[in-house]
There are 2 protein chains.
Amino acid sequence: MLSQTCIYGIQTCIFLALPEQVEKRVRVSTIAEELHISPTFLSKIVNQLVQVGILKSVRGVSGGTWLAKPAQEIKAVDIVLAIDGNRIFNECLLGLPGCNDRNPCPFHQQWSNVRLQLLAMFQSSTLDTLAAKVNDLDLRIRQHKNNDH
Amino acid sequence: MLSQTCIYGIQTCIFLALPEQVEKRVRVSTIAEELHISPTFLSKIVNQLVQVGILKSVRGVSGGTWLAKPAQEIKAVDIVLAIDGNRIFNECLLGLPGCNDRNPCPFHQQWSNVRLQLLAMFQSSTLDTLAAKVNDLDLRIRQHKNNDH
DNA sequence: CGAAATAAAGATAAAAGACTCTTAAAACTA
DNA sequence: TAGTTTTAAGAGTCTTTTATCTTTATTTCG
């Protein structure tokens, strides 16, 4: 559904929207350790999100990355579009190019409804909402939150 | 969303459910040509579907493959489960193992709804329904149906 | 300015998925 | 039984995604 790269991007942004991190410069290596992601790989993902204006970053001592905008102004859909593009919101279930209302595949109508619901989910999910869920309800944004030691 | 292998499997089964093909032995090479799939690759997919009882096949002269059951008794979900497994119906949007109602990720509730709708779509799609759509409305099950020559 | 810390970038590697090529096995036909 | 046709199976290739390793550029601090 989402690429691993995109999943890491979303997890990172939610992490940066948590009250403990917000407005701070957080090292990529710290995020990578917290979320169990390879640091250099995450560095490239962070850079992608910097390019599209979702994150900011500075190098050097006391450098790091942080949300470029208030958390309530960043939606999950922005991250998905930045990393995976609009493929998942447009693509035919059977991968047929040019599948649309006038020239549909047999799944087109039902699949369009699913895609709309998917889009609505990502559009209605702002980082502050997601971070609040994680914070208030102790929800998970990484593997084995309560099993680590 | 679906693997290419699974897409080919679905297209093949819909093709075999069309009135022209049903109850006949259709050569894999014929299907491959019609649907623009590599014949040897399709052969393996057909074999997978034979193993789980969705298709039957015989080798040799006048051999071929055909639906193992009446088209109204085969659902799209059967094909998806046979080839891609139940991953797409169960897996966490963020790929977190053990994500469930009691230990959810921040997308869990909304994503569960989308997955249910997805499951409903595949469960309600029988091959006879899909084939009828393709046949009655001239819907597409392959690339460039009207552009070929 | 020099040293240390940190992100960015480039090259490489590993894994998975998609696809191909070749050979084997089975079924029909004469 | 011999020959032909067709699916089955095994091994190999190509591409994309994911991840790592190494070097470079930038920033801060003393």
Side-chain angles (χ1 to χ4, degrees), chain A residues 1-12 15-16 21 24-68 80 82-85 87-88 91 94-95 143, chain B residues 1-12 16 21 24-68 80 83-85 87-88 91 94-95 143:
Chain A
M1 172 88 281
L2 298 176
S3 71
Q4 193 60 56
T5 304
C6 187
I7 289 173
Y8 290 156
I10 293 172
Q11 290 177 326
T12 295
F15 182 77
L16 290 173
Q21 321 297 338
K24 285 184 193 158
R25 291 180 177 184
V26 186
R27 286 192 297 274
V28 169
S29 58
T30 303
I31 305 170
E33 197 176 340
E34 284 292 328
L35 303 181
H36 306 143
I37 307 172
S38 145
T40 49
F41 189 47
L42 182 56
S43 166
K44 291 180 201 306
I45 299 167
V46 165
N47 190 241
Q48 272 191 271
L49 295 173
V50 168
Q51 300 305 318
V52 297
I54 291 173
L55 298 182
K56 288 191 177 176
S57 71
V58 293
R59 303 200 239 201
V61 178
S62 79
T65 185
W66 66 96
L67 299 181
V80 173
I83 296 179
D84 282 350
R87 221 187 62 256
I88 65 167
E91 201 171 50
L94 298 180
Q143 294 186 16
Chain B
M1 170 88 283
L2 298 177
S3 70
Q4 193 59 57
T5 305
C6 187
I7 289 173
Y8 289 156
I10 293 172
Q11 291 177 326
T12 296
L16 291 173
Q21 321 297 337
K24 286 184 193 158
R25 291 181 177 183
V26 186
R27 285 193 297 276
V28 169
S29 57
T30 303
I31 306 170
E33 197 176 342
E34 285 292 328
L35 303 181
H36 306 142
I37 308 172
S38 146
T40 48
F41 190 45
L42 182 57
S43 165
K44 291 182 202 302
I45 299 168
V46 164
N47 190 239
Q48 272 191 271
L49 295 173
V50 168
Q51 300 305 318
V52 298
I54 291 173
L55 298 182
K56 288 191 177 177
S57 70
V58 293
R59 302 199 240 202
V61 178
S62 79
T65 185
W66 66 97
L67 299 181
V80 173
I83 296 179
D84 281 351
R87 220 186 63 256
I88 65 166
E91 200 171 51
L94 298 180
Q143 294 186 15

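Just so it is clear, the values below take in all heavy atoms, side chains as well, and ignore hydrogens, waters and symmetry mates. Small disclaimer: the values here were computed from a predicted structure and weren't measured. We name chains A, B, ... by the order of the sequence lines, and we start the count at 1 in each one.
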Residues passing the side-chain contact (heavy atoms from CB on, under 4.5 Å) test with A:Gln4, sequence neighbours excluded, are A:Ile7, A:Tyr8

Applying side-chain contact (heavy atoms from CB on, under 4.5 Å) to B:Ser57 and not counting sequence neighbours gives B:Val50, B:Thr65

Sorted by chain and residue number, the side-chain contact (heavy atoms from CB on, under 4.5 Å) partners of A:Arg59 (sequence neighbours excluded) come out as none

### Query
Heavy atoms, side chains only, cut-off 4.5 Å: are B:Thr12 and B:Ile45 in contact?
no

A:Val61 meets the side-chain contact (heavy atoms from CB on, under 4.5 Å) criterion, sequence neighbours left out, with none

All heavy atoms of A:Ala32 vs all of A:Ser38, minimum pair found to be CB-C, 4.4 Å

Please classify the nucleic acid contact of A:Ser62 as base, sugar-phosphate, or nothing, using heavy-atom distances under 4.0 Å. sugar-phosphate

Of C:dT6, C:dA8, C:dA27, the nucleotide closest to the side chain of A:Val46 is C:dA8

Rounded to whole Å, the CG-P distance (A:Leu49 to C:dA8) equals 11 Å

Under a 4.0 Å heavy-atom cutoff, the residues of residues 51-59 of chain A touching DNA chain C are A:Ser57, A:Val58, A:Arg59

Hits for salt bridge (charged side-chain N to carboxylate O under 4.0 Å, His left out) against A:Arg87, two or more places apart or cross-chain, chain-then-number order -> A:Glu91

In the 5' to 3' direction, the nucleotides of DNA chain D bounding the stretch that comes under 4.0 Å of a heavy atom in chain B are D:dT4 to D:dG10

- prompt: If we only count heavy atoms from C-beta on, is the B:Thr5 to B:Gln48 side-chain gap below 4.5 Å?
  reply: yes

Counting primed atoms, P, OP1 and OP2 as sugar-phosphate and everything else as base, the B/S/- map of nucleotides 11-19 of chain C against protein heavy atoms under 4.0 Å is -------SB

Scanning both residues in full, the closest heavy-atom pair of B:Val58 with B:Arg25 reads CG2-NH1, 3.2 Å

side-chain hydrogen bond (donor to acceptor under 3.5 Å, both in side chains) filter on B:Ser3, not counting sequence neighbours, yields B:Asp84

Side-chain contact check for B:Thr40: nearest option of C:dC28, C:dA9, C:dT20 is C:dT20

Hits for side-chain hydrogen bond (donor to acceptor under 3.5 Å, both in side chains) against A:Ser29, two or more places apart or cross-chain, chain-then-number order -> none

| task | Tell me whether the OP1 or OP2 atom of C:dA7 has a side-chain N or O from A:Asn47 closer than 4.0 Å. | result | no

